[in-house]
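Take a look at the structure set out below.
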Amino acid sequence: MQEKVGLSTSDTGRGKSKMSKHITHGYHMVEGKSHHTMEDNVFAQFKQVDDNELGLFAIFDGHLSHEIPDYLRSHIFNNILNEPNFWAEPASAIKRAYRITDATILDKAANLGKGGSTAVTAILINGEKLVVANVGDSRAVIYKNGVAKQLSIDHDADTERTIIEDRGGFVTNFLGDVPRVDGQLAVARAFGDKSLKEHLSSEPDVVVELIDDNTEFLILASDGVWKVLSNQEAADCIKNIKDARSAAKHLNEQALAKGSTDDISCVVVRFQ
């Protein structure tokens with residue numbers, strides 16, 4: 001099993017807010033026991049925009065593709081921040097940016113390939129407001145007062161069966177397997193997947209969460225973590241690790257110890 005660290009904008013896997021010195025981030029990635037190249041990617045960076053500071057964090061989990069997660073890492077936040085109404089209406093701006101990004105990926109399918117990618121993005125505005133969006137089953141979990149709260153929504157095929165069928169698709173439930181869109185994809189929303197797109201959505205769910213004195217940390221992770229750990233288990237296993245990168249690494253190691261064989265990516269943002 002090969003460990004891959006350093007794919008974020010920080011070579012050390014760590015970062016710190018300049019506006020709020022106590023806010024830090026760290027990330028860690030592990031390649032799974034599969035016969036393909038690493039299909040996850042991460043983004044973790046603090047960015048100054050005029051008088052504002054943005055913390056930009058994301059997990060991209062590809063399927064049949066590493067090119068699309070790579071493309072998302074390079075473009076998704078630029079597309080979001082280029083939306084003219086981002087500061088006034090971040091939720092609607094993010095939804096529009098997701099749609100534009102997906103349309104571009106589909107147009108570039110000849111170069112980016114036939115696969116797709118899930119995504120969970122989190123934008124921390126001035127250390128005070130967190131805007132989380134996702135398509136697919138990568139997940140955002142926030143930890144406050146000892147309680148892990150899921151901010152994102154898992155878009156599995158069975159939950160969105162009616163929507164998929166209304167689009168002309170179907171969901172299979174074969175014994176020993178997870179429900180799949182048209183017998184192929186285990187998530188109902190994703191970027192790319194041109195051959196399945198008429199039955200899939202790239203519309204994100206968006207949640208706004210205020211950061212207060214009781215907010216301890218945020219976890220973003222691909223489903224390689226969530227297949228084997230509950231939200232509370234994941235949060236509890238890192239709650240006493242103050243270094244964000246060490247926390248992300250430990251969480252991935254716990255997922256591996258629990259038997260996860262998938263690619264695993266994790267970003268931890270600590271607020272205290």
Side-chain angles (χ1 to χ4, degrees), residues 8-9 15 17-20 23 25 27 41-62 68-108 112 116-142 149-155 160 163 187-193 197 200-212 215 218-222 267 269 271:
S8 180
T9 53
S17 165
K18 293 182 179 179
M19 179 175 288
S20 303
I23 301 179
H25 73 75
Y27 64 91
N41 212 327
V42 304
F43 193 95
Q45 182 187 82
F46 287 102
K47 179 182 179 68
Q48 195 72 23
V49 181
D50 297 327
D51 294 330
N52 300 286
E53 184 185 67
L54 299 179
L56 306 174
F57 311 104
I59 298 287
F60 309 111
D61 183 357
I68 293 176
D70 293 350
Y71 180 87
L72 287 166
R73 182 184 180 278
S74 299
H75 293 83
I76 187 67
F77 285 118
N78 285 337
N79 290 349
I80 291 172
L81 298 182
N82 284 335
E83 284 294 311
N85 64 333
F86 169 75
W87 296 102
E89 298 179 5
S92 62
I94 289 171
K95 288 182 177 182
R96 176 173 163 78
Y98 266 55
R99 289 193 295 268
I100 291 172
T101 304
D102 189 46
T104 304
I105 288 172
L106 295 175
D107 287 342
K108 295 178 178 291
L112 295 177
S117 179
T118 70
V120 58
T121 59
I123 301 178
L124 179 64
I125 302 174
N126 295 326
E128 299 174 345
K129 182 166 70 173
L130 186 70
V131 188
V132 171
N134 82 295
V135 292
D137 55 5
S138 292
R139 191 179 296 177
V141 172
I142 201 161
K149 174 186 174 183
Q150 184 170 327
L151 298 180
S152 56
I153 295 175
D154 294 347
H155 299 132
E160 303 205 0
I163 298 173
V187 291
R189 303 191 197 187
F191 288 101
D193 294 297
K197 201 74 222 186
L200 296 177
S201 170
S202 61
E203 183 78 5
D205 284 297
V206 183
V207 171
V208 177
E209 181 81 9
L210 297 181
I211 303 302
D212 58 27
T215 308
L218 170 74
I219 301 171
L220 302 183
S222 57
V267 176
V269 183
F271 299 98

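Throughout, numbering of the chain's residues begins at 1 and tracks the sequence. For the numbers below, each heavy atom of this structure counts, side chains included, while hydrogens, waters and symmetry mates do not.
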- prompt: OG1 of Thr101 to CG of Asn79: how many Å apart, nearest 0.5 Å?
  reply: 3.5 Å

message: Please find the pair of heavy atoms, one from Thr215 and one from Leu210, that lie closest to each other, and give the distance.
response: OG1-O, 4.2 Å

Sub-4.5 Å side-chain heavy-atom contact between Arg139 and Asn134: no

message: Could you check whether any side-chain N or O of His155 sits under 3.5 Å from a backbone N or O of Gly136, counting only pairs where one atom can act as donor and the other as acceptor?
response: yes

message: Is there a side-chain contact between Phe271 and Leu218 in this structure, where contact means two heavy atoms from C-beta onward sitting under 4.5 Å apart?
response: yes

query: What pair of heavy atoms forms the shortest contact from Asp61 to Ser138, and how long is it?
result: CB-OG, 3.7 Å

query: Can you list every pair that meets salt bridge (charged side-chain N to carboxylate O under 4.0 Å, His left out) and has a residue in residues 85-104, with sequence neighbours left out?
result: Glu83-Arg96, Arg99-Glu203, Asp102-Lys197

query: Is the shortest heavy-atom distance from the side chain of Lys47 to the side chain of Phe77 under 4.5 Å?
result: no

statement: Correct closest heavy-atom pair for Gln150 and Asp154 would be NE2-OD1, 3.6 Å

message: Ignoring hydrogens, what is the shortest heavy-atom contact between Val187 and Leu200? Give both atom names and the distance.
response: O-CD2, 3.7 Å

- prompt: In this structure, are over 12 heavy atoms from other groups packed under 6.0 Å from Asp212 atom CG?
  reply: yes

query: Would you say His75 and Thr104 make side-chain contact, with heavy atoms under 4.5 Å?
result: no

query: Which value, rounded to the nearest 0.5 Å, describes the distance between Ile94 atom CD1 and Asp205 atom CG?
result: 12.0 Å

Using residues 120-133 as the side-chain source, report each donor-acceptor pair under 3.5 Å to any protein atom, sequence neighbours left out, with the distance given to one decimal.
| unit_1 | atom_1 | unit_2 | atom_2 | d |
| --- | --- | --- | --- | --- |
| Thr121 | OG1 | Tyr98 | OH | 2.9 |
| Asn126 | OD1 | Glu53 | N | 2.8 |
| Asn126 | ND2 | Asn52 | OD1 | 2.9 |

message: I want to check something: taking the side chain as every heavy atom from C-beta on, are Phe46 and His25 in contact at a cut-off of under 4.5 Å?
response: yes

message: Show the nearest heavy-atom pair for residues Phe60 and Ala119, with the distance to one decimal.
response: CD2-CB, 3.7 Å

query: Quick one: OH on Tyr71 to CG on Leu112, what's the gap to the nearest 0.5 Å?
result: 7.0 Å

task: State the CG-CD1 distance between Leu106 and Ile68, to the nearest 0.5 angstrom.
output: 8.0 Å

query: Side chains of Leu72 and Asn41: closer than 4.5 Å at any heavy-atom pair?
result: no

field: Atom pair CD1 (Ile100) and CD1 (Ile105), whose distance is rounded to the nearest 0.5 Å
entry: 12.5 Å

task: Quick one: do Ile163 and Ser201 satisfy side-chain contact (heavy atoms from CB on, under 4.5 Å)? Show the steps, please.
output: CA-CA 9 Å; Ile163 298 173; Ser201 170; 6.0 Å; no

- prompt: Is a donor on one side and an acceptor on the other found under 3.5 Å between the side chain of Ser152 and the backbone of Ala140?
  reply: yes

